[in-house]
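Take a look at the structure below.
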Amino acid sequence: MTTRTLEESVAKSPPGTAASSARRRPGRFRRAGLPYLLLLPALVLELLVHLVPMVIGIVMSFKELTQFYIRDWGTAPWSGLGNYRLSVDFHAPVGAALLHSFLVTVGFTLLSVALCWLIGTVAALFLQDTFRGRGLLRALFLVPYALPVYAAVITWVFMFQHDNGLVNHVLHDQLHIGAKPAFWLIGDNSFYALLTVSVWKGWPFAFLVVTAGLQNIPGELYEAAALDGAGMWQRIRRITLPSLRPVNQVLVLVLFLWTFNDFNTPYVLFGRSAPEAADLVSVHIYQASFVTWNFGTGSAMSVLLLLFLLVVTGGYLLATSRERRTSDV
């Protein structure tokens with residue numbers, strides 16, 4: 001019965017229907033594959049720019065690649081895990097220097113991220129209400145983030161000069177802080193100079209992200225809290241900060257990764273050899289690779305840094321997702 005009905009329907013259908021459906025099928029596949037075809041150039045570029053150098057760097061970390069094999073690094077002898085053992089041997093000079101650089105980077109990153117988030121959040125809350133000149137202040141706050149890194153950091157280099165820098169002129173000559181002008185680009189003060197430039201350069205990004213997050217908080221919540229007698233600090237604590245938690249989770253992670261991997265700021269500020277107090281891991285790996293010409297050890301340090309950041313990022317995402325599920329329940 002069913003077979004006869006199908007045969008009758010096929011016989012009654014117009015003669016070009018089957019052919020048109022057959023022609024329509026390749027067009028449908030072509031339209032479905034068009035997005036992937038458009039993504040192909042970006043994927044190839046990503047492969048060439050990021051993944052291929054990463055694989056080459058991992059291979060180099062297992063080789064005794066020094067200045068004697070730069071012309072043909074493929075002929076460098078294999079060292080196995082020798083470069084990794086040398087990097088994590090904290091009783092040897094190479095490992096001890098890497099550990100010191102790692103601890104300096106951790107302290108610098110935590111302070112920089114905390115200050116960037118705090119200043120950016122306070123500025124975003126201050127500019128949340130409408131008043132005359134708010135647009136101009138927003139534009140001025142974003143200037144450090146919009147400036148090119150090299151131009152901004154070189155300006156700070158001149159400001160930190162010992163004899164004729166603006167920082168010593170204000171602190172020592174006008175405010176009379178300190179018995180004599182300080183050296184900001186050498187010694188222990190280099191850490192505070194690097195932290196100042198990093199915070200000055202990074203807090204506008206936090207301000208921008210928090211400002212975007214504040215737009216999604218309904219104004220009715222603040223009105224209801226004000227009717228219930230809640231003050232400004234109570235509204236910030238009970239409404240603003242909990243509502244900004246998803247935004248802050250992403251913001252803190254991005255700031256942490258950017259600051260921990262920052263190379264341009266210390267390199268432009270101090271040059272090829274950073275002071276011991278401001279010896280970040282990024283500059284330390286550069287010195288191990290391009291100053292001492294030991295690319296195998298430098299590659300091993302880079303792989304160890306990558307593994308550390310992957311572990312920290314995975315643990316952070318796991319903890320925040322678990323906290324989000326707990327709050328939803």
Side-chain angles (χ1 to χ4, degrees), residues 29-84 86-88 98 101-102 105 109 145-154 198 201-202 205 208-209 250-251 253-269 271-272 274 280-317:
F29 288 130
R30 203 175 296 120
R31 285 194 300 272
L34 182 61
Y36 301 100
L37 185 64
L38 295 176
L39 285 175
L40 186 60
L43 293 176
V44 172
L45 247 136
E46 179 71 20
L47 182 68
L48 293 176
V49 173
H50 289 97
L51 296 181
V52 172
M54 185 185 302
V55 173
I56 293 176
I58 294 174
V59 174
M60 288 170 57
S61 67
F62 294 101
K63 285 177 168 286
E64 294 181 7
L65 185 57
T66 59
Q67 68 267 28
F68 304 106
Y69 301 98
I70 292 178
R71 186 180 297 273
D72 189 7
W73 68 274
T75 61
W78 286 89
S79 64
L81 298 176
N83 293 324
Y84 292 94
L86 183 65
S87 300
V88 299
L98 180 62
S101 177
F102 174 77
T105 308
T109 303
Y145 183 68
L147 283 176
V149 176
Y150 286 90
V153 179
I154 287 175
S198 177
K201 188 170 58 71
F205 176 75
L208 189 64
V209 174
V250 178
L251 173 62
L253 179 60
V254 172
L255 286 176
F256 176 83
L257 294 177
W258 281 359
T259 308
F260 207 97
N261 285 319
D262 190 14
F263 173 79
N264 294 328
T265 302
Y267 183 80
V268 179
L269 198 61
R272 299 182 64 182
L280 300 186
V281 169
S282 57
V283 181
H284 189 85
I285 294 175
Y286 170 82
Q287 292 174 348
S289 300
F290 295 96
V291 177
T292 63
W293 298 96
N294 197 335
F295 293 96
T297 305
S299 299
M301 293 178 182
S302 300
V303 174
L304 291 174
L305 175 62
L306 174 63
L307 293 176
F308 169 76
L309 293 178
L310 287 176
V311 170
V312 171
T313 303
Y316 180 82
L317 293 176

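Throughout, numbering of the chain's residues begins at 1 and tracks the sequence.
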Open item on the list: A side-chain contact here means heavy atoms from C-beta on lying under 4.5 Å apart; do W258 and F205 qualify?
Closed with: yes

Open item on the list: Quick check for you: to the nearest 0.5 Å, what is the distance between F68 atom CZ and T75 atom OG1?
Closed with: 12.5 Å

Task: Shortest non-hydrogen contact from A300 toward S61 - done: N-CB, 3.5 Å

TODO: Go through the steps for K201 and N264 under the test side chain to side chain contact (heavy atoms under 4.5 Å, CB included), then give the verdict.
DONE: CA-CA 12 Å; K201 188 170 58 71; N264 294 328; over 6 Å; no

Open item on the list: Could you check whether any side-chain heavy atom of L305 comes within less than 4.5 Å of a side-chain heavy atom of N261, counting everything from C-beta outward?
Closed with: yes

Side-chain donor-acceptor pairs under 3.5 Å in residues 306-314, sequence neighbours left out?
unit_1	atom_1	unit_2	atom_2	d
T313	OG1	L309	O	2.7

Open item on the list: Evaluate V303 against Y84 for side chain to side chain contact (heavy atoms under 4.5 Å, CB included), listing each step before the verdict.
Closed with: CA-CA 9 Å; V303 174; Y84 292 94; 3.5 Å; yes

Task: Audit row: W78, V59, side chain to side chain contact (heavy atoms under 4.5 Å, CB included) steps and yes/no - done: CA-CA 10 Å; W78 286 89; V59 174; 4.1 Å; yes

- [ ] Take N83 and S299, measure what side chain to side chain contact (heavy atoms under 4.5 Å, CB included) needs, and give me the verdict at the end.
- [x] CA-CA 9 Å; N83 293 324; S299 299; over 6 Å; no

Using distance only, find each side-chain donor-acceptor pair of residues 49-57 under 3.5 Å and give its atom names and separation, not counting sequence neighbours.
unit_1	atom_1	unit_2	atom_2	d
H50	ND1	E46	OE1	3.4
H50	ND1	E46	OE2	3.3

Open item on the list: With a 4.5 Å cut-off on side-chain heavy atoms, are P35 and L39 touching?
Closed with: no

Open item on the list: Please report the interatomic distance CG(L255) to OG1(T109), rounded to the nearest 0.5 Å.
Closed with: 10.5 Å

Open item on the list: Quick check: do L304 and S87 have side-chain heavy atoms less than 4.5 Å from each other?
Closed with: yes

TODO: For residues Y69 and P77, determine if any side-chain heavy atom of one lies less than 4.5 Å from a side-chain heavy atom of the other.
DONE: yes

Open item on the list: Would you say that F263 contacts V283 through its side chain, given a criterion of any heavy-atom pair below 4.5 Å between the two side chains?
Closed with: yes

Open item on the list: Within the structure provided, determine whether Y267 and R272 are in side-chain contact (heavy-atom separation under 4.5 Å).
Closed with: yes

